[in-house]
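What follows is a short report on a single structure.
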Amino acid sequence: MQNYIDTLRLLNYELTRNLGLFRRRAGLSFGQRHILYYIDSRSGLSIQELAALLYVDQSTMSRNIKKLEQAGLVETYQDTTDKRRKIITLSAQGEKLLAETTESINKTIANIAEILNEDEIEAIINSIRKYSNALIGIH
């Protein structure tokens with residue numbers, strides 16, 4: 001069993017490193033791209049809600065949002081119904097960069113998909129889904 005644990009840990013590191021390759025193409029860290037994706041896919045998120053979704057501390061998320069705001073990629077504004085909430089949205093520049101990044105990643109995945117057949121792709125999708133759910137304790 002220890003061998004499996006060691007192998008999975010090493011593969012986690014390797015996958016994280018390889019996902020970092022997207023940074024060079026997009027100029028964003030994996031975490032920053034992830035934040036932009038969630039802001040885009042769920043309108044009306046606050047910093048607290050985004051932090052909870054991504055399993056990070058609120059202060060960490062606040063720092064990330066501040067950096068993205070300074071880069072002109074996101075905008076924040078007070079919620080009109082609850083003055084304690086700050087809503088985050090993508091700026092036009094953030095929307096453009098996210099679209100470009102997504103296109104680049106899609107091309108990379110499409111290239112990978114040319115190497116694998118449909119059964120292999122389906123097996124990878126199912127395995128990653130199971131593994132991801134196991135990591136967060138869903139069985």
Is there a side-chain contact between [X] and [Y] (heavy atoms, below 4.5 Å)?
X: K130; Y: N133; answer: no
X: T102; Y: R33; answer: yes
X: I35; Y: M61; answer: yes
X: R129; Y: I125; answer: yes
X: V74; Y: T89; answer: no
X: M1; Y: I5; answer: yes

Co-membership, hydrophobic cluster, residues [X] and [Y], 4.5 Å side-chain:
X: L11; Y: I124; value: no
X: I47; Y: L53; value: yes
X: Y131; Y: I112; value: no
X: I65; Y: Y37; value: yes

So does [Y] get a backbone contact from the side chain of [X], meaning a donor-acceptor N/O pair under 3.5 Å?
X: S132; Y: I128; value: no
X: Q78; Y: K83; value: yes
X: S91; Y: G72; value: yes
X: N126; Y: E122; value: yes

First locate atom [atom1] of [X], then atom [atom2] of [Y], and finally report the distance between them rounded to the nearest 0.5 Å.
X: I88; Y: D40; atom1: CD1; atom2: CG; value: 12.5 Å
X: I39; Y: E95; atom1: CD1; atom2: CD; value: 11.0 Å
X: L36; Y: H34; atom1: CG; atom2: NE2; value: 11.0 Å
X: Q93; Y: L98; atom1: CD; atom2: CG; value: 12.5 Å
X: L68; Y: T76; atom1: CG; atom2: OG1; value: 11.0 Å
X: K67; Y: S62; atom1: NZ; atom2: OG; value: 12.0 Å

- Query: Going by an N to O cut-off under 4.0 Å, is there a salt bridge joining E49 and R85?
  - Reply: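 Salt bridge flag = yes for R85 with E49.
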- Note on the structure: Besides Y77, the hydrophobic cluster formed by Ile, Leu, Val, Met, Phe, Trp and Tyr side chains linked at under 4.5 Å, directly or via other members, contains I87
- Task: Taking atom types as modelled, find out whether R84 and S46 have a side-chain donor-acceptor pair closer than 3.5 angstrom.
- Result: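 Short answer, no.
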- Message: Would you say that more than 12 heavy atoms from the other residues, nucleotides or ligands in this model lie under 6.0 Å from the CD of E118, or not?
- Response: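 For E118, atom CD is not crowded (no more than 12 foreign heavy atoms under 6.0 Å).
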